[in-house]
Peer 1: 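Next up is a structure, given as structure tokens.
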Amino acid sequence: MNDVLATLTSAQRDAVTFMDGPLLILAGPGSGKTRVITHRVAHMLQQGVSPQQILALTFTNKAADEMRERVRSLAPRQEVWMGTFHRFCAQLLRSRAEMVGLAPNFTIYDADDSLRTVKRAIKETEKDAGFCSPDQVMRAISWAKNNFITHDRYKPSSGSPLGETVKRVYPVYQDLLLASNAVDFDDLLVYVATLLKESDEIRADLDDAYRYVMVDEYQDTNLTQYAIVRAISHHHPNLAVTGDPDQSIYGWRGANLSNILEFENDYPSVRVVRLEDNYRSTARICHVADVLISHNTRRKEKTLIARQGGGRQVRLIRYATHREEADAIADRVVAEAAAGKRRLCDFAVFYRINALSRVFEDALRARGVPYQIVSGVEFWQRKEIKDVVAYLQLLCNPRDDNAFSRIVNVPTRGIGKTTLERLSAHARRRRICLLDAAREAGVVESISKRSAVAVAKFAALYDRLAEGISLSLEKLMTLVLTESGYLAMYQDSDAPDDQERAANITELVTAGREFDVEHPDGSGLEAFLEQAALVNDVDDWEEENECVTLMTLHAAKGLEFPVVFIVAVEQGILPVERARDDEDRVEEERRLLFVGITRAKEDLDISFVRTRQFRGSSRVAIPSPFLENLPRDEMELVGFAANGRNDGLTIDYDGAQDGADAPWTDEEFDQTAAPVNPGMPQLPGVQLTTAADMLAFAEGKSVSQSSSDEFETGMAVIHPEYHIGKIVSISGSGAKRMATVNFVEYGQKRFLLSKSPLRPVRR
DNA sequence: TGTGAGTTGATTTTT
DNA sequence: TCAACTCACA
């Protein structure tokens, strides 16, 4: 046997060697998924598949880099394209930009740029938008795009004021983007999906070019990504997807769990491989995770088979206050590190929301323990970095109005809000970009003489900078920084913040220099900006760093640590209060806890407190209902009432500390509860249950309505919760027609056919 | 136009 | 708690 297969288990080997046809790899946590993917690629290469025919799509650059690295060591010198969906789409779109009305030098807006643009769009359409925040509108638009609903197909659900606003703002937002020759993250996907849908030639070309497509973390794909993947795996359905429905934690970003749950329906000839062995965690940790997740309904039944020994009991700890919680954890870290039992990098603290990190930072700092926070304020998101990048963006794409407004008065040049508004009114009248409008400022009557001079000076500055456009990035950046006076603004200041900003800018220049070295072919500006937009990932998280890691549960996905502390497992925090009334969202929160638990290799502490200071005020904290989903009899309970009943989870308010307010009341919850999927477009009368149907609807096709008489005994059917099953018997008729279905995973269930979401499995 | 005090309102965030 | 935004004044 060749060495690519030698070290694999039989299940892993199945997944690696199955090359032709659709493949679904259900990979539990710690099951060696990355190994399987990389070995699969290496195996294909060994079998003579050309590297150009393989496409591997991931969600993060980090995952892609890691895979590329590992494939490289297995199969040297055969470069396979591996990267994120967004990068793949960006590259594709560069070469076909004109087809969607863009120029090839389009700018990719990040979340912040997009939000600014939404604000501008709101200003144009809404007289009084007081009732809905730009943030909500942005989210609704993003939601629509993730569901492949373009602005012309957007229909608000009836009676939703937010929906009505979105209906007006969405097209204007698209206009602004187009006028600026810019796209947002979601557009990258939407444009490519549109191209594939509208041009069968492009679709067939790509389908043909990429004979073997792999998608990692398939449970996180949204409908638009689904459309892309399906389109390029049509004639050559050699599509392998890996994922774990239990680790889907990005539903709020539009991830569609149905994609993975119904993969078998989309590709009936699919081969399913389950990787259930867990090589990461102790048996006890696996068991806790397994019991917890079994409380979810929308999933594929799966157990974690522990391959490690029993290990230490998982601890469930109640502390009096958040401070005590943090102190206890910090003390334990100090004790174990001092005793030489553990290194600092063995420890990780996970919390649901960033705002909770403070106490832990304080506790660690007080003890002199180094720590790192993952994904705090990202480098590229910093104001000073975004400003400098905006100068570069404007140089690369002069039509970028967003970049223009960002920097036109930074450092201050006497061009204020009023001038900018007048300039922008002029630009709109003449249908030109702001930079061109600036060149005409002198002839705009409403603009005062003094302001016009200031604007003209800025235009002149721009032209001077533009002369350096073909310089190396390092030189261009230096030119920008000195000519604009931007760097001096911070250097001349004594404030320590400003000094730090100046240092960050120096770091940016260094990044530019490195980029120059890596891309000696010149024309690096566009590529550098694309990198800056899509490679947010300066991932300062270094495994090797000798320090404790603090991060959100979301950030923890894909990582592992010997010792894990999951803190603040309390009602209103995990699950977050807004998930409260929506069972799907509660399940997602439960999966989040599942992800956290399964990161732990040896030791796991789950904790909550009785009073927590949060957002300034102290509250009695209620233990999370998820704690009741844990096998508490088999866990070590610490800090519970010493009355012998191990029921410290029953809520008692005796322990309310001084200064604590009353616990959350129902009214408070109701007031904060957001509507489900705000701005989600209205769906037709039929219940759309499968991804394929949703896609058809999004694309404006009529959805085949399943009438109850298309069912018959013996037919294979699919159900959103119970998945695949077979009709054993049918009784009654018309609206009262009932079917008894035997589900593969869930056994027999009975349905009223006219009401049920059952659908026949297409063959 | 630019600045300081006051108000408000808060998840998670692969790209 | 804290940062982002508004509004009044210099």
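Here is how names work: the chains are called A, B, and so on, in the same order as the sequence lines, proteins then strands, and each is numbered from 1. None of these values were measured; they are calculated from a predicted model.
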Peer 1: Which sits closer to the 5' end of DNA chain B, A/T419 or A/A579, going by the nucleotide each is nearest to?
Peer 2: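 This one resolves to A/T419.
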Peer 1: Is the side chain of A/T412 donor-acceptor paired with the backbone N or O of A/G414 at a distance under 3.5 Å, no angle test?
Peer 2: no
Peer 1: Would you mind reading off the distance between A/R139 atom CZ and B/dT11 atom C1', rounded to a whole angstrom?
Peer 2: 8 Å
Peer 1: Check whether any side-chain heavy atom of A/I597 sits under 4.5 Å from a side-chain heavy atom of A/I606, and report yes or no.
Peer 2: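 A side-chain contact under 4.5 Å exists here.
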Peer 1: Pick out the pairs of N or O atoms, protein on one side and nucleotides 2-8 of chain B on the other, that lie under 3.5 Å.
Peer 2:
from  : atom 1 : to     : atom 2 : distance (Å)
B/dG2 : OP1    : A/G414 : N      : 3.3
B/dG2 : OP2    : A/N409 : ND2    : 3.1

Peer 1: What about the rings of A/F565 and A/F350, do their centers lie closer together than 6.0 Å?
Peer 2: no
Peer 1: Could you work out which one of B/dT12, B/dT15, B/dT1 sits closest to the side chain of A/H554?
Peer 2: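 Given the options B/dT12, B/dT15, B/dT1, the side chain of A/H554 is closest to B/dT12.
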Peer 1: Would you say whether A/W252 stacks on B/dT12? The test is a distance between ring centres of less than 5.5 Å and an angle between planes of less than 30°.
Peer 2: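 Whether judged by distance or by angle, A/W252 passes, so it stacks on the base of B/dT12.
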Peer 1: Does A/R94 come within less than 4.0 Å of A/E526, counting only side-chain N to carboxylate O?
Peer 2: yes
Peer 1: Send over the distance from A/Y351 OH to B/dT12 C1', rounded to a whole Å.
Peer 2: 12 Å
Peer 1: Would you mind checking if A/K33 and A/D244 are paired as a salt bridge, meaning a charged N to carboxylate O distance below 4.0 Å?
Peer 2: no
Peer 1: Side chain of A/T418 only, heavy atoms from C-beta on: which candidate in B/dT1, B/dT11, B/dT15 is closest?
Peer 2: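 Among B/dT1, B/dT11, B/dT15, the one nearest the side chain of A/T418 is B/dT1.
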Peer 1: Which string of ( ) [ ] | and . matches DNA chain B, if you list each base 5' to 3' and count Watson-Crick or G-U pairs only when both distances are under 3.5 Å?
Peer 2: ||||||||||.....
Peer 1: For the pair made of CZ in A/R578 and C1' in B/dG9, what is the distance, rounded to whole Å?
Peer 2: 10 Å
Peer 1: Counting just side-chain N and O atoms, does A/N354 come under 4.0 Å of either OP1 or OP2 of B/dA10?
Peer 2: no
Peer 1: Nearest to the side chain of A/H86, which nucleotide is it out of B/dT14, B/dT12, B/dT15?
Peer 2: B/dT15
Peer 1: Which nucleotide wins on minimum distance to the side chain of A/N61, given the candidates B/dT15, B/dT12, B/dT14?
Peer 2: B/dT15
Peer 1: Regarding B/dT11, can its base be found pairing with the side chain of A/R585 as donor and acceptor, where the two atoms are less than 3.5 Å apart?
Peer 2: yes
Peer 1: Is there side-chain contact between A/I293 and A/R299, with at least one heavy-atom pair below 4.5 Å?
Peer 2: yes
Peer 1: From the set B/dT1, B/dT14, B/dT15, return the single nucleotide nearest to any side-chain atom of A/T84.
Peer 2: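 Nearest nucleotide to the side chain: B/dT15.
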Peer 1: Between A/T552 and B/dT11, is there a side-chain N or O to OP1/OP2 distance below 4.0 Å?
Peer 2: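 A/T552 to B/dT11 OP1/OP2: no side-chain N or O under 4.0 Å.
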Peer 1: Can you name the nearest heavy-atom pair linking A/K386 to A/D113, along with the distance?
Peer 2: NZ-OD1, 3.0 Å
Peer 1: Return the value, rounded to whole Å, for the distance between atom CH2 of A/W380 and atom P of B/dT14.
Peer 2: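 It works out to 16 Å between those atoms.
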Peer 1: Does the separation of the ring centres of A/H322 and A/F614 fall below 6.0 angstrom?
Peer 2: no
Peer 1: For A/I249 versus A/W252, what's the shortest heavy-atom pair and its separation?
Peer 2: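 Minimum heavy-atom separation between A/I249 and A/W252: O-NE1, 3.0 Å.
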Peer 1: Syn or anti for B/dT11? Use the chi torsion, O4'-C1'-N9-C4 for purines and O4'-C1'-N1-C2 for pyrimidines, with syn inside 90° of 0.
Peer 2: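 B/dT11: syn.
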Peer 1: Base contacts versus sugar-phosphate-only contacts with protein, heavy atoms under 4.0 Å: please encode nucleotides 1-8 of chain C as B, S and - from 5' to 3'.
Peer 2: BS--S---
Peer 1: A/L115 has an atom CG; how far is it from atom C1' of B/dT13, in whole Å?
Peer 2: 13 Å
Peer 1: Which residue lies toward the 5' end of DNA chain B, A/R450 or A/T221, if each is placed at its nearest nucleotide?
Peer 2: A/R450
Peer 1: Would you please indicate yes or no on a ring centroid separation below 6.0 angstrom for A/F458 and A/F404?
Peer 2: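 Yes, the ring of A/F404 comes within the 6.0 Å limit of the ring of A/F458, centre to centre.
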Peer 1: I'd like to know if A/R87 reaches the base of B/dT15 with its side chain, counting only an N/O donor and acceptor under 3.5 Å.
Peer 2: no
Peer 1: In whole angstrom, what separates A/R590's CZ from B/dT12's C1'?
Peer 2: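 Those two atoms, CZ and C1', are 18 Å apart.
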Peer 1: Flag the pair A/R591 and A/E588 as a salt bridge only when some basic side-chain nitrogen lies within less than 4.0 angstrom of an acidic carboxylate oxygen.
Peer 2: yes
Peer 1: Give the minimum heavy-atom separation between A/I122 and A/P134, together with the two atoms involved.
Peer 2: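 Closest heavy-atom pair between A/I122 and A/P134: CD1-CA, 3.7 Å.
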Peer 1: Hey, is A/R406 close enough to A/D112 for a salt bridge, meaning N to O under 4.0 Å?
Peer 2: yes
Peer 1: Quick one: label A/T58 by what it contacts on the DNA or RNA (base, sugar-phosphate, nothing), any heavy atom closer than 4.0 Å.
Peer 2: nothing
Peer 1: How many Å lie between CZ on A/F185 and C1' on B/dT15, as a whole number?
Peer 2: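 Taking atom C1' of B/dT15 as the reference, CZ of A/F185 is at 5 Å.
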Peer 1: Taking CG from A/D187 and P from B/dT15, how many angstroms apart are they, rounded to a whole number?
Peer 2: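 Distance check: A/D187 CG to B/dT15 P gives 18 Å.
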